[in-house]
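Remarks on the structure that follows.
Nothing fancy with the numbering, it's 1 onward along the sequence. Only heavy atoms go into these numbers, but all of them, side chains included; no hydrogens, no water, no symmetry mates.
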Amino acid sequence: MIGIGLSAGFTFSSVPSYSVVVDTATAATSPTSTTYYLSSSSDYGVGGFIMAYGSSWGAAAPTSGGIDYNLAVTNLQSPNHSSSSTWNVWVAADSPGLDCIYSKSYSGNIIIKEEALNTPKCYSDSDTIMGASADSVNLSMNFEFTTKIKVPKGGFLKFALENSWSWPSSGYSSSSIPASYSVSGSTLTASLYADLQIGTYTIVVNGVQPPPNSWSSTIEKDCFYSLSTQTSQGDKIEFWYSSGASQTRITSSASVKPGNSYVTINSYPNCRNVIVDILLTFYFDKNVPDGSYLEISTPIDMPWSYPAWSATIKDYCWANVIYSSCTVTDSSTIIMYLAEPILLGTTINIYLDSAIKFSSLNEEGDFLISAYWGPNSIQIIDGSSGIGKNSVKFLGYNTDTIYISGQNDIKTAGELSTYTFELILMELNRINFGDYLYIQFPRDFDPYIGDSEQSYRDYPNSWFIECSSRALGQSLNCTVDHWFVIVQSTKNDELRYLDLSVRGVRNPGPFNMGYFKAWHYSATGNLKGLSSSTDLKIIPTMPVNNMNLKPISISNSSLAASSDYNFDFYLTQNSASSFSSANTFNITFPQQFNSISYTICKLMVFDETSATVMTEANWTTNCTCKVVRNMVSLTPLGVTPLVNTTDRIRILLTNVTNPSSSLTRNTGWDITGSSFGPSYMYWSNRFDIIAVDWTNYVLTGRTYGNLNSGYLGYSKYNHTTPSNPTDPTNPTDPTDPTDPTNPTDPTHPFPSVVDIGGTENNQIIKLIPGTESDDISIKLTSGSSNIGLRSQKLTLTPKVNCLDQTIANGIKLTSPYNNWIAFQLDEVIYFRVSVATGTPAGTCSIGWTSIENLQDGVSNSIYNPSQVVTVRVSAVEKIAIIVDTIPTLYAGYTSIPIGVILAYAPASDLSVTPSFGTTASGIFINPVTLTFTSNTQTLYFELKINASYDFTQKPKLDFYLTGTDANSFIAPTSQSLFVTSYSSSSPADLFLFSSIITGTEIKITAYSKNAVIYFGIACQGAPILNFADLQAQTQSLVSPSSSLLSLSEQLAADYQATETHIDHTKDTDTRSFFRRIHRNHCLNLWTEAVVSKAANGIFVIILDWLMDGTSYQVYAYADDKISTPAFASCEFTTSVTQPAYSTSVTFPGSISGSMSDSIRRSLAKNMGVNPDWLIYAGITNPSSPSGSWRLLESSETTIYTRFSYWIIYDRSKPKYSPQFILSNLDKNGATSDLTALFGVAPAAFGVPVSLSSGTVPTWVAAPAYSTVNDSGATFAATSSQVGLVCVSCSNNYSNKITYAWQVVDGLDHDSEAAHGTCVNVTSAISTPIAVSGLAPATKYYCFFTACNTNPINPSCIDAEQGKGLVSIIITTTSNIDDRAVLIDLLTAIFLIYS
């Protein structure tokens, strides 16, 4: 037998033939030749290997002398790419199993050169380009080439430009090249994801940077340097090299000279020997494009040693133009990259803090500003042109030393505080009338210190903060600018001392911040003195604990009336434990109170340790109160009271005068809480309660605005509110049962407030009658790690509460996606609120009741939906309707769908009718009316133009509104139509590629201008539908069908069919349950149609419902309604979140393994997951507990029992990996449960251990047929590992690859349902496998795989791993005569796909 290993790429044009010529020449005889012709088996050419069996041609050789064997092979086809071939020849006896008689490799004997590529072309939209310059920074170029040989999938196109040209980083498009693009230096690489057939192709590139040219001449420039097509291994198929071909030349006109900069520079202070700020004010006489960078420099030709820019400038660049970075490249240059263009004549300000230090006196220094663009730094603006030069002269000063000291009254981080400074001039200078004092705050503060306001009309660019000075004898408004607080002396006296109190300064975080500094300037701006750099540092303390404020009650809510105020609140555990005799409380009133007065100030406590006992007592008789600005401050208590978290503290203020004006209902305000009084027209800002330790000047507790309802409503009439606000639907109810602070409430509220996206202050739903809100989310996450729903299922029922039943009748709540249901680990429920037309204005609240399906082992409800949100009905606005810009229309064709878009859906129905205001013949509208209902915000129509259309018409499209909710909307504006003849021959184009957002969240980017894009999304292997079939299965944009669903409706249906627990009628165990869930997922084809209407043709779709560790394919057709739809596709595989994790719990002593299930349920309960997610992995008896959290270790205990479990997870919720679930184990709760179960506490919880993906099994005994009947078959196989053996049988034959995951999921090669099963393998013995449900007298193709023990993403024998999938073909018997068994059996034959 002879075997030949072909060099890569060689094939046969037809059946090969072989001959061997044996030369029997010796030294003593003349040569003679004998030719033996060989027969060939039918499997020639498999895997690049041919073999043939000969007769006894070798036996005739003489026993002495040399023997030459010459092997001839015909019908050999050389590869389509360059190659330096290596061949291998083997000779062996005909009997199998013997060693080779002869073998040899032949290298380099046959050299194949690449084919010459036709000369490519490059051209622009115009015949002449301009050389790279200020007016020519990038071009749109077309690069055309023709291939004579197909380039296979995975191959490359390599384009190299001549010197001085530059490729852009993006902007590549082609209607027919299936490639992604990347740039390295002067070479552009197009990586093919599909075969490139023979033909002519054009790549359009936007953003090519042309070569520079002189300022006065026109020349021709070569653009291409080389072009090649290559295989995936980099072997050239075709190649072209520049030789000055005219097709690659383009005419370049003279470049335009750069523009000029006009600069004004100011320095603060304008002095030498100090670090100064620099303000650059400038404009350019040319446009500077987006992506350019500014170069700001001091010139190197200064007569004195030029200064160095401060390295900190990169952190303190300020500009009125958007920029992406500001860096110091060397001691004299700053580079600022722009993120937006600068139009000529636009004034730009750049402020550089602590920028530079000049050491010389009375010297001038020029500052230059230039602009450049692109990788070759085309100069747009020349700052050294002479016009743009500017200089600044620095002055000297007599420096006195200033001593600065100071403190803040509240030292807690993040709180408002008053900072008081004392400045003493140590030497000769004095503070004179008109002098300026600057207090420089550390960079840890906001650059505009405190609650500064732009408050004076005459000073539009200045910001002020309230301050005062005893030395100056008055309150002042200090200026705030770039970490400086600035005050001007108003005293005629010469002062050596000055005090300054600055109010409303927000403390920074509790870290070691920098120093405060002081500067003294004369009225003319000369520096007269400065402080030492290390005189004063103030470090805030840690933030404080929360205090829970109940709704504030007042006795009279009328504006300007006298009222009693009750402030009820609770201390948290940390606040209570830190309360001492030096502590007291402050009540901060909102700014609506111009002055505060009261008759009685009283502090008391309610002991609420028992639900039935509430005792009121004065807390202390030593407490007095005083008013300090906008606060009522209680003096320190003087005693240390016993404070519990269940003690309700009350501060009573009597005869407080209500504000005379407040916020009205058409402005924003904030409400938090679960019950509301009457619908007030006027509201205050927030009240705050603060607990203060005046010994250490720190806060020990406070109320926080986002957690407490410290707001009050007022009215103009005399309306009295009860002391305890109640549910407005039950005015006689003396308590608030839904208040989460109510200690009688036995359950827990939702862990998070309702998140109302896009609503006023994120708290109130503002609605116009006749409209419906967008989706509103109820968050279900809790704990530090934000874990989702811990129960199996939660079902909500909404309830609307209104004082006016007419309003309640008009409000409707829906949950289109969730249907008011959340499943295990879900994080949100979405709902919508609508208000019917005719509903009067007013305010209502929404609450919920719930039904909770608990996890096994959990006996008490976890969730109590106590949060209530407010619906505010207001009829003062109408909603605008937007219509897409109507594109150019072509006679004889139909337009792409034109969208009509509502910001909010109607509550009931709204009809929009497009109509021609003037007579227009030959144009038809479909549909004639678009009817919106609730939950519908976009509908489409199309325009059909007759081929005989009269072009002299000038039609205009108007829009008319009818329907129940028409009065709530504004009709769209009219649009003129432009109709012309279609003359272009360009086909529709489409590009498609994927990118990963997270492991299972994928962004699909499509490019196609003015087309409808039909998407098909499926698991790998599913058949790709043709355009007509995909269109038929996709919901139409223009004529929706009741039998089809949009993508959002498909996902909602998938969600509402969610399964969270094992169905024992379908699943044998947890792993089979998750396999079934994954199988059902992969049986889906998700479809969607969209209109690509963006100016750049880009459309993005986010796939966020995928499963991890799964391969998907996305394909699409772009239909421009004129040409043949374009096709594109892409594939991707989502990442594996986590294979599995194991954990354990260890007990002292010996415990029976029969208790494993009880332990499993206890662990699951305290992890907040379904017990099915824990798989018992075994029991051991270690000699020590050795765990991550050791509870007990006694020297008397010598035997321990350890129960181990695998944690698995739902692949549709990859966030909740086993590691994440384990991190949420409540060990204290588990300890309590297990101690109650066994009477002994666990000794340790084990360290989590990751289960690796493991090794791939092999077949010890390949699958083989056992029996077959009219409805099933049995097989037997032996795997090398414990785990799974799976089979999938289908009567759908194809030569497509069948993957292991498809067999495991019971699918065929098209990812369609097959007859399959998986059997657990517990030992390396023959495993029987039974398949049932087959049809009689039918041929089936059965594929097999074996997997290891990984319970989530096991490693399996796969076709792609070179091991192949065993395939057995069976034919079931007839159900009439089962004695005729027809079976085609191919055993132990591996079908290898590459």
Notebook entry, point to check: Under 30°, 30 to 60°, or over 60°: which ring-plane class applies to His1081 and Tyr1112, parallel, tilted or perpendicular?
Noted result: perpendicular
Check: Around atom CD of Gln233, are there more than 12 heavy atoms of other residues, nucleotides or ligands at under 6.0 Å?
Finding: no
Notebook entry, point to check: Regarding Gln1302 and Ser1311, is there a side-chain donor-to-acceptor distance under 3.5 Å anywhere?
Noted result: yes
Note to self: Would you say OH of Tyr225 has more than 12 non-hydrogen atoms from neighbouring residues, nucleotides or ligands within 6.0 angstrom?
What the structure shows: no
Note to self: Parallel, tilted or perpendicular, judged at 30° and 60°: which one describes the rings of Trp167 and Tyr172?
What the structure shows: tilted
Notebook entry, point to check: To the nearest 0.5 Å, how far apart are CD1 in Ile237 and OG1 in Thr147?
Noted result: 9.5 Å
Next item on the list: Would you please indicate yes or no on a ring centroid separation below 6.0 angstrom for Phe143 and Phe159?
Entry: no
Item checked: Criterion side-chain hydrogen bond (donor to acceptor under 3.5 Å, both in side chains) against Lys158, the qualifying member of Thr229, Thr189, Thr187 -> Thr189
Margin query: Nearest 0.5 angstrom please: Tyr1007 OH to Leu990 CG, how far?
Written below: 10.5 Å
Next item on the list: Heavy atoms only: give me the nearest Trp1301-Gln1020 pair and the separation to one decimal.
Entry: CZ2-O, 3.3 Å
Check: Looking at Thr1034, Leu1103, Val1090, which one forms a side-chain contact (heavy atoms from CB on, under 4.5 Å) with Phe1015?
Finding: Val1090
Note to self: Is the ring pair Tyr982/Tyr890 parallel, tilted or perpendicular, if the boundaries are 30 and 60 degrees?
What the structure shows: perpendicular
Checklist line | Rounded distance [0.5 Å steps], OG in Ser1036 versus CD in Glu942 | finding: 7.5 Å
Next item on the list: Taking all heavy atoms of Ala116 and all of Lys148, pick out the closest pair and write down the distance.
Entry: O-NZ, 2.9 Å
Notebook entry, point to check: Looking at CD1 of Ile1002 and CD1 of Ile1017, how far apart are the two atoms once the value is rounded to the nearest 0.5 Å?
Noted result: 11.5 Å
